[in-house]
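Heads up: the structure comes next, in structure tokens.
Position 1 is the first residue of the sequence, and the numbers go up from there. In this text the structure is predicted, and so the values were computed from the model without any measurement.
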Amino acid sequence: MADNTTQKDPQSMSFLDHLEELRWHLIRATVAVLIAGIIAFISKEFIFDVLIFGPKKPDFPTYNGLCNLSKLLGLDESLCFKELPFSVQSRKVAGQFSVHIWTSITAGFIIAFPYVLYEFWKFISPALYDKEKKNSKGFIIICSCLFFLGVLFGYYVITPLSINFLGGYQVSKEVLNEFDIDSYIALIRASVIACGLIFELPIIMFFLTKVGLVTPEFLRKYRKFALVIVLILSAVITPPDIASQVIVAIPVLILYEVSIFISKTVIKKEKKKLQKQSK
């Protein structure tokens with residue numbers, strides 16, 4: 001079935017035409033996620049043995065880096081992890097198959113994220129002026145880079161810190177840490193996706209500034225409140241220790257300062273545009 005709405009003038013399209021247009025964009029984005037998910041499903045050994053269970057192994061790059069850092073700082077091997085005292089199990093008949101499917105879909109979304117953004121951009125771009133389209137050509141590239149940067153940060157920083165803390169935490173030696181595979185993967189998924197979305201903060205602030213909901217002065221005025229929110233957010237997505245919260249809070253605060261700069265730049269350009277129009 002062909003998509004006929006793409007041939008119409010956006011100005012003459014009715015509300016139902018726009019809904020039809022949106023439907024086709026969502027369908028294409030969903031198909032892209034499913035195709036990437038199928039690739040991830042086929043690559044079961046790499047997805048699970050290398051990526052999913054990588055942070056469970058003592059030779060994971062993050063643990064090696066922390067170990068080298070502790071030796072460099074003269075802390076002997078206090079940050080070296082020789083063994084993570086927990087096991088992962090599946091307690092449901094279809095547990096592993098279900099986890100395989102949903103993990104593949106999550107991986108498919110991450111892999112297809114640039115194309116999902118592209119479909120979103122194609123939907124909103126007809127409402128923009130030619131100059132706005134020209135100035136926003138890097139939207140997909142920048143958003144994708146920030147998202148993947150956040151995913152890597154979540155995987156290599158948040159995930160191993162969380163797994164190491166929670167995997168070794170015990171209220172008593174009588175209680176063994178034997179985690180269900182759903183719970184284990186949910187921790188990784190939440191860390192990775194949450195960080196990927198958090199790193200989109202500068203883009204969100206850019207659009208909020210464009211529509212007039214946010215100004216640089218507003219962001220500076222409420223910087224202290226933002227700091228509190230960041231610390232609370234860091235406490236939610238990381239283990240309850242100060243070091244982990246600081247590690248997460250630093251890049252988010254940097255992103256907030258970058259957002260202020262972006263907001264300031266957008267306001268300057270808008271003022272220059274108004275001055276040119278008034279002449």
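Shown here for P58 and N64, the closest heavy-atom pair between the two residues is O-OD1, 4.1 Å. Residues A40 and A107 approach most closely at CB-CB, 3.8 Å, considering heavy atoms. Smallest separation of non-hydrogen atoms from F199 and P251: CZ-CB, 4.2 Å. The two atoms that bring S259 and P202 nearest to each other are OG-CA, 3.4 Å, heavy atoms only. Contact record, V88 with I181: CG1-CA, 3.7 Å, taken as the closest heavy-atom pair. The two residues D182 and K92 come nearest to each other via the heavy atoms OD2-NZ, 3.6 Å.
For L176, the side-chain contact (heavy atoms from CB on, under 4.5 Å) partners at least two apart in sequence or on another chain are E178. Residues meeting the side chain to side chain donor-acceptor pair (under 3.5 Å) test with T209, sequence neighbours left out: S263. Every residue meeting the side-chain contact (heavy atoms from CB on, under 4.5 Å) condition with P114, not counting sequence neighbours, appears here in chain and number order: S144, F148. Residues meeting the side chain to side chain donor-acceptor pair (under 3.5 Å) test with Y115, sequence neighbours left out: E119. Looking at residues two or more places apart in sequence or on another chain, you find a side-chain contact (heavy atoms from CB on, under 4.5 Å) between K264 and P216, R220, K268. Partners of E257 under the side chain to side chain donor-acceptor pair (under 3.5 Å) rule, at least two apart in sequence or in another chain, are R223. Considering only residues two or more places apart in sequence or on other chains, F109 meets the side-chain contact (heavy atoms from CB on, under 4.5 Å) condition with V33, F113, F147, I193.
Here the CZ atom belonging to F206 is positioned 14.0 Å from the CG atom belonging to L201, to the nearest 0.5 angstrom. For the atom pair OG1 (T106) and CD1 (I185), the distance works out to 9.0 Å, reported to the nearest 0.5 Å. How far CG of D180 is from OG of S90: 6.0 Å, rounded to the nearest 0.5 Å.
Linking ILVMFWY residues whenever their side-chain heavy atoms come closer than 4.5 Å, directly or via other members, places V258 and F207 in the same cluster. When hydrophobic clusters are built by joining Ile, Leu, Val, Met, Phe, Trp and Tyr residues whose side-chain heavy atoms come closer than 4.5 Å, directly or via intermediates, I111 is not grouped with I141. Hydrophobic clustering, with ILVMFWY side chains joined whenever heavy atoms are under 4.5 angstrom apart, groups Y256 together with I204. Cluster membership check: I203 shares its hydrophobic cluster with L117, using side-chain heavy-atom separations under 4.5 Å among Ile, Leu, Val, Met, Phe, Trp and Tyr. Connection of V99 to V93 is not established within any shared hydrophobic cluster, with ILVMFWY side chains joined at heavy-atom distances below 4.5 Å, either directly or through further cluster members.
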Name each donor-acceptor pair under 3.5 Å that joins a side chain in residues 42-57 to protein atoms two or more places apart or in another chain, with its distance.
unit_1	atom_1	unit_2	atom_2	d
S43	OG	I39	O	2.9
K57	NZ	D49	O	3.1

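The hydrophobic cluster analysis finds L34 isolated: no Ile, Leu, Val, Met, Phe, Trp or Tyr side chain comes under 4.5 Å of it, directly or through other members. Cluster partners of W102, by chain and number: F41, F97, I101, I105. The rule joins Ile, Leu, Val, Met, Phe, Trp and Tyr whenever side-chain heavy atoms lie under 4.5 Å apart.
For the pair L149/F153, no side-chain contact is recorded, criterion being any heavy-atom separation below 4.5 Å from C-beta on. Side-chain contact check for F218 versus L213: every heavy-atom pair is 4.5 Å or farther apart. Annotation: side chain of I262 is not in contact with side chain of M205 (no heavy-atom distance under 4.5 Å).
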Exercise for the section: Could you please spell out the steps behind the side-chain contact (heavy atoms from CB on, under 4.5 Å) verdict for I163 and F86? Expected result: CA-CA 10 Å; I163 289 176; F86 70 90; 3.6 Å; yes
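Under a 3.5 Å cut-off, the side chain of T159 and the backbone N or O of G154 do form a donor-acceptor pair. A donor-acceptor distance shorter than 3.5 angstrom exists from the side chain of Q170 to the backbone of V175, with no hydrogens or angles considered.
Applying the salt bridge (Lys or Arg N to Asp or Glu O under 4.0 Å) definition to pairs two or more places apart or across chains, none involves residues 142-156. Among residue pairs with one or both ends in residues 193-203, none qualify as side chain to side chain donor-acceptor pair (under 3.5 Å); sequence neighbours excluded.
Residue Q96 places its CD atom among 12 or fewer non-hydrogen atoms of other residues, nucleotides or ligands, all under 6.0 Å distant. Counting non-hydrogen atoms of other residues, nucleotides and ligands closer than 6.0 Å to OH of Y155 gives a total above 12.
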